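Just so it is clear, the model here is predicted, and its values are computed rather than measured.
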Amino acid sequence: MIKQPVGQVRLTNVAIIKYKIHNKKFEIACYKNKAINWRNGVETELEEVLQTNAIYSNVSKGELASTEELKVYFPGVDRNTIIKTILEKGELQISEKEREVHISAMFKDIANILAEMCIHPRTKRAISVDAIKAAMKDIHFAVVLDQDVKRQALACLKQLQKKYLIGRAEMQIQITVPSDSAGIMEEEFKAKGITTEARKDGRSTIYTALIEPSLYREFVQFLKKDIPEGALDILIQKVVSSERTDLETVAMASLQVRDDYKEEKNAEKRAPANEDSDEDRKDEESKAATTKKKKKGKGKSKQQEPEKPIDWEEARRSVLAKKTENILGDLGVQQVEAPKPIASVKNGNGDEAKGTKCATCQDAVFPSKEEYRLHFKSDWHIFNLKRKQQGEPSLTYEAFTNIILEQELLQSITDKKKGK
């Protein structure tokens with residue numbers, strides 16, 4: 001005779017959701033994917049989510065929560081409402097590998113949302129998903145399983161804006177109002193600092209404008225309250241520029257670090273080197289006093305001459321005379337030596353100088369094609385390319401040389417102070 005358990009319910013493929021209230025723990029058993037779909041709003045049938053309608057104090061041991069406990073901690077609430085509360089607010093217990101899979105999927109969803117809503121603020125070009133993923137990893141953005149993906153994307157955008165040049169794309173809207181209410185609508189646009197294009201169509205006035213996505217709800221509420229006859233339509237959800245230069249082969253823009261962020265980091269690096277603590281100063285003073293006593297026993301010490309002030313202009317000229325051919329080579333960086341360009345586009349007779357002219361660098365003309373190709377690998381050309389992408393004018397060879405020399409001179413003086 002074969003004995004089979006009749007009242008035993010085996011829970012397979014189970015996900016436990018724990019909910020703690022007033023130091024009392026309640027648990028329910030559900031399906032993993034269904035529980036996530038319930039929280040995302042995909043699944044609405046409670047029977048499809050739960051493995052059993054029972055509410056436990058411990059699912060692993062099979063201990064059910066008593067009716068008295070439910071009445072005390074959930075007064076005046078039926079069983080289904082208690083289960084929904086645990087589903088929405090409880091902590092989902094899943095394995096480590098499953099958690100990694102869910103976090104990876106949510107990470108990709110957040111990156112896709114940011115790529116759809118964000119652009120480069122200067123060039124107005126779209127940003128690739130891969131660039132956003134790399135930036136998210138750079139700022140160490142942490143994904144939270146229990147939070148909505150879009151809410152996390154907006155929070156991630158605020159963190160990215162602290163370091164990178166990134167912003168939300170504007171949207172183009174069209175607002176149609178009666179001509180009698182045109183004055184009220186124009187005052188609202190002026191209050192928000194938005195420029196519009198207006199045209200009349202019979203008894204109505206139609207406004208076209210570019211606005212921030214965060215202002216969309218404000219305009220909807222304004223029309224409902226002040227101009228009920230008005231209508232708002234979205235013409236373009238995301239306004240993106242598709243213009244490209246000859247040197248750019250892709251339509252996507254790369255993420256660039258903000259200039260003020262670089263300055264802050266450089267200031268943080270310089271601060272410990274320039275500011276000595278009181279204890280360090282006391283140690284230096286004590287060492288100096290001990291050294292003086294030793295020298296007095298041996299004989300008269302030589303008077304130390306005061307340090308002369310640094311003549312920056314003379315130092316810059318001396319460095320410029322020695323390092324005009326290859327400036328960055330002395331910094332320890334192996335650079336391709338580029339030919340020095342002709343100083344002016346015109347020759348001595350006032351005619352155009354013969355040679356190949358660089359479209360990016362100012363007054364750069366090269367007599368041979370080999371020198372012209374070699375110029376594209378130089379730091380001067382790469383530096384001007386980056387300035388061109390940011391909408392800034394290019395620098396001449398002399399101006400670029402002066403910038404590099406000043407940076408190198410400052411570094412050498414800082415190293416000298418450190419005792420290198």
Side-chain angles (χ1 to χ4, degrees), residues 4-22 24-67 69-70 73-74 77-118 128-130 132-137 139-157 159-160 237:
Q4 295 180 349
V6 178
Q8 187 179 15
V9 178
R10 291 188 176 274
L11 301 177
T12 58
N13 190 24
V14 64
I16 302 172
I17 297 181
K18 298 181 180 181
Y19 180 67
K20 199 171 185 179
I21 179 172
H22 301 299
K24 180 64 178 177
K25 184 175 64 176
F26 296 95
E27 300 177 356
I28 58 174
C30 58
Y31 297 99
K32 300 175 184 178
N33 297 333
K34 294 293 184 178
I36 296 173
N37 292 339
W38 172 275
R39 292 185 172 182
N40 294 333
V42 178
E43 184 62 57
T44 57
E45 295 293 334
L46 199 60
E47 292 80 6
E48 297 292 331
V49 179
L50 300 176
Q51 292 201 356
T52 175
N53 291 329
I55 300 176
Y56 296 85
S57 58
N58 193 322
V59 174
S60 302
K61 296 181 180 179
E63 297 177 358
L64 294 172
S66 63
T67 307
E69 290 178 340
L70 296 178
Y73 291 99
F74 300 96
V77 181
D78 60 348
R79 181 174 290 270
N80 286 341
T81 307
I82 297 173
I83 292 174
K84 290 179 181 179
T85 303
I86 297 174
L87 267 174
E88 294 171 359
K89 300 181 180 180
E91 182 182 356
L92 180 62
Q93 301 292 318
I94 56 178
S95 64
E96 185 178 353
K97 291 185 178 180
E98 290 172 337
R99 185 179 295 275
E100 291 177 359
V101 171
H102 291 312
I103 289 176
S104 177
M106 292 183 70
F107 188 88
K108 293 179 182 178
D109 293 340
I110 293 171
N112 290 329
I113 291 174
L114 289 174
E116 291 175 0
M117 68 168 60
C118 296
S128 64
V129 179
D130 294 335
I132 291 178
K133 286 181 180 179
M136 291 171 63
K137 293 178 181 178
I139 64 174
H140 305 289
F141 179 75
V143 178
V144 182
L145 288 175
D146 297 337
Q147 291 185 7
D148 183 52
V149 176
K150 189 170 183 180
R151 182 179 298 177
Q152 294 189 67
L154 295 175
C156 181
L157 177 60
Q159 297 182 27
L160 289 174
Q237 186 73 31

Min side-chain heavy-atom separation [X]-[Y] under 4.5 Å:
X: Tyr73; Y: Ile82; value: no
X: Leu114; Y: Met136; value: yes
X: Asn33; Y: Glu43; value: no
X: Glu63; Y: Tyr56; value: no

Locate the shortest heavy-atom distance separating [X] from [Y]; write the atom from each residue and the value.
X: Ala35; Y: Ile17; value: CB-CD1, 4.1 Å
X: Gln152; Y: Val144; value: NE2-O, 2.6 Å
X: Tyr19; Y: Lys89; value: CE1-CB, 3.7 Å
X: Gln159; Y: Phe141; value: OE1-CD1, 3.8 Å
X: Leu92; Y: Arg99; value: O-NH2, 3.8 Å
X: Leu87; Y: Arg39; value: O-NE, 2.8 Å

Pair Cys156-Ile132, side chain to side chain contact (heavy atoms under 4.5 Å, CB included): steps then yes or no
CA-CA 10 Å; Cys156 181; Ile132 291 178; over 6 Å; no
Nearest 0.5 angstrom please: [X] [atom1] to [Y] [atom2], how far?
X: Lys34; Y: Leu46; atom1: NZ; atom2: CG; answer: 12.0 Å
X: Ile55; Y: Thr67; atom1: CD1; atom2: OG1; answer: 9.5 Å
X: Gln237; Y: Met117; atom1: CD; atom2: CE; answer: 9.5 Å
X: Asn112; Y: Phe107; atom1: CG; atom2: CZ; answer: 10.5 Å
X: Leu50; Y: Ile28; atom1: CG; atom2: CD1; answer: 5.5 Å

For the pair Phe74 and Ile21, evaluate side chain to side chain contact (heavy atoms under 4.5 Å, CB included) and give the outcome as yes or no after the intermediate values.
CA-CA 9 Å; Phe74 300 96; Ile21 179 172; 4.2 Å; yes
The residue among Ile83, Ile86, Val49 that forms side-chain contact (heavy atoms from CB on, under 4.5 Å) with Cys30 is Val49
Under the side chain to side chain contact (heavy atoms under 4.5 Å, CB included) criterion, do His102 and Val143 qualify, and how do the steps go?
CA-CA 10 Å; His102 291 312; Val143 178; over 6 Å; no
Could you tell me whether a side-chain N or O of Thr85 sits under 3.5 Å from a main-chain N or O of Thr81, the two making a donor and an acceptor?
yes
Does Lys133 NZ have over 12 foreign heavy atoms under 6.0 Å away?
yes
Applying side chain to side chain contact (heavy atoms under 4.5 Å, CB included) to Trp38 and Glu88, what does each step give before you reach the verdict?
CA-CA 8 Å; Trp38 172 275; Glu88 294 171 359; 4.0 Å; yes
